[in-house]
Asker: 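Below are the structure tokens for one structure; questions will follow.
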Amino acid sequence: MVVDDLSKVDSTTLNVGVQGNSEIDRSDHLYLHPSDNPGVMIVFVPLIVIGYRSWRLSVLRGLLVKNKLGFINGECKRPDPHSPIFRQWERCDDMVSSWILNSLSKYIVDSVEYANDVVKLWIELEDRYEQINGARLYQIQKKINDTSQGTLDITSYYTKLKKIWEELSTLSKRSQYSCNCTCGAKENFYKGEQDK
């Protein structure tokens, strides 16, 4: 059972799901596999201030595979505390929070570990590290200019450049807006981007 709106699920289904994880449909956001535990590492390389975009992509893939993406994108909303599924939702939310915290350096964990739920944790990380600014664009463009083949074989050199170009491409796409702006902010934004 996929639960988009937790308040619309009948109490019989909820009671079965709350009693034991094995009785929750495996496609449900609230299902926890027996091998899921708070110590699981869902990414290979922890975030250490730089490399946020690669880390973010790895976390999103890991959560998608575990069917827990809904906990950070808002699809699996916190139910009412009196709901029969509240405890199961809380366990899943804590599990996802643990996975994300395990994928951060100690320095970063110390500053975000007290977030009330995984959505707030994710928003805090996005606000802090997903900044699009002229300095970051400049850093990536400089990295491209400074990259040389040196002793690398052609495949390694291409892979290295491709990674940097993908990061630049992702950053550029993120800075494009498609809103119908009438206040002039969009034009000011584009002018600011061109002036950088």
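Since this is a predicted model, take the numbers as computed values, not measurements.
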Asker: Evaluate K68 against C76 for side chain to side chain contact (heavy atoms under 4.5 Å, CB included), listing each step before the verdict.
Answerer: CA-CA 9 Å; K68 298 293 182 265; C76 193; over 6 Å; no

Asker: Assess, by modelled atom type and distance only, whether the side chains of S83 and D80 contain a donor and an acceptor separated by less than 3.5 Å.
Answerer: no

Asker: I want to check something: taking the side chain as every heavy atom from C-beta on, are K163 and T159 in contact at a cut-off of under 4.5 Å?
Answerer: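 They are not in contact (no side-chain heavy atoms under 4.5 Å apart), so the answer is no.
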
Asker: If you apply the rule side chain to side chain contact (heavy atoms under 4.5 Å, CB included), what do you find for V112 with R128, and how did you get there?
Answerer: CA-CA 10 Å; V112 296; R128 191 176 303 177; 3.6 Å; yes

Asker: K143 and I164: which non-hydrogen atoms are nearest, and at how many Å?
Answerer: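 Taking every non-hydrogen atom into account, CG-CD1, 3.8 Å.
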
Asker: Search all heavy atoms of I144 against all heavy atoms of L161 and return the closest pair with its distance.
Answerer: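 Nearest pair, atom of I144 first, then L161: O-CD2, 4.4 Å.
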
Asker: Considering non-hydrogen atoms only, spot the tightest contact between P38 and S98 and give its length.
Answerer: O-CB, 3.5 Å

Asker: Is there a side-chain contact between R78 and D117, using heavy atoms and a 4.5 Å cut-off?
Answerer: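 They are in contact (side-chain heavy atoms under 4.5 Å apart), so the answer is yes.
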
Asker: What is the minimum heavy-atom distance between S105 and P46, and which atoms define it?
Answerer: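 Nearest heavy atoms, S105 then P46: N-CB, 4.3 Å.
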
Asker: With the 4.5 Å side-chain cut-off for hydrophobic clustering, are L121 and I72 part of the same group?
Answerer: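 Yes; tracing contacts between hydrophobic side chains, which count when under 4.5 Å, links both residues.
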
Asker: Fit a plane to each ring of F71 and H29, take the angle between them on a 0 to 90° scale, and name the class: parallel (under 30°), tilted (30 to 60°) or perpendicular (over 60°).
Answerer: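 Ring orientation, 0 to 90° scale: perpendicular.
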
Asker: Should L104 and M95 be regarded as members of a common hydrophobic cluster, given that ILVMFWY residues are connected when their side-chain heavy atoms come within less than 4.5 Å of each other, either directly or indirectly?
Answerer: yes

Asker: Salt bridge or not between K120 and E124? Use side-chain N to carboxylate O under 4.0 Å.
Answerer: no

Asker: For N102 and I100: C-alpha separation, side-chain torsions, deciding distance, then whether side chain to side chain contact (heavy atoms under 4.5 Å, CB included) applies.
Answerer: CA-CA 5 Å; N102 288 341; I100 291 174; over 6 Å; no

Asker: State yes or no: do Y107 and V59 share one hydrophobic cluster built from I, L, V, M, F, W and Y residues joined by side-chain heavy-atom distances below 4.5 Å, directly or via other members?
Answerer: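 Yes.
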
Asker: Report the C-alpha distance between E126 and Y52 in whole Å, list the side-chain angles of each, state the deciding distance to 0.1 Å, and finish with yes or no for side-chain hydrogen bond (donor to acceptor under 3.5 Å, both in side chains).
Answerer: CA-CA 9 Å; E126 289 275 286; Y52 177 76; 2.3 Å; yes

Asker: Side-chain heavy atoms nearer than 4.5 Å, only ILVMFWY residues, links allowed to pass through others: does that put V109 and W99 together?
Answerer: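 Hydrophobic grouping puts V109 with W99.
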
Asker: Under a 4.5 Å cut-off applied to non-hydrogen side-chain atoms, are R87 and R91 in contact?
Answerer: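 Of all side-chain heavy-atom pairs linking R91 with R87, at least one is under 4.5 Å.
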
Asker: Using modelled atom types and a 3.5 Å cut-off, is there a donor and acceptor pairing between side-chain atoms of K160 and backbone atoms of T155?
Answerer: no

Asker: Does NZ or CZ of K77 lie under 6.0 Å from the centre of the six-membered ring of W89, at an angle within 45° of the ring axis?
Answerer: no

Asker: Could you tell me if the side chain of D94 sits less than 4.5 Å from the side chain of E90, heavy atoms only?
Answerer: yes

Asker: Spell out, yes or no, whether I108 and L63 are grouped together once hydrophobic residues are joined by side-chain heavy atoms under 4.5 Å, including indirect joins.
Answerer: yes

Asker: Quick one: closest heavy-atom pair of L64 and L69, and the distance?
Answerer: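 So the minimum-distance heavy-atom pair works out to CD1-CD2, 4.0 Å.
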
Asker: Quick one: are R56 and L47 in side-chain contact, heavy atoms under 4.5 Å?
Answerer: no

Asker: Picking from V45, L60, V43, I48, what satisfies side-chain contact (heavy atoms from CB on, under 4.5 Å) with W55?
Answerer: V43

Asker: For L152, does the CG atom sit with more than 12 other heavy atoms under 6.0 Å from it, leaving out its own atoms?
Answerer: yes

Asker: For N67 and Y31, what are the C-alpha separation, side-chain angles and deciding distance, and is it a side chain to side chain contact (heavy atoms under 4.5 Å, CB included)?
Answerer: CA-CA 8 Å; N67 196 25; Y31 174 77; over 6 Å; no

Asker: Does a side-chain heavy-atom distance below 4.5 Å link Q88 with L32?
Answerer: yes

Asker: Does the side chain of Y157 come within less than 4.5 Å of T147's, by heavy atoms?
Answerer: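 T147 vs Y157: side chains touch.
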
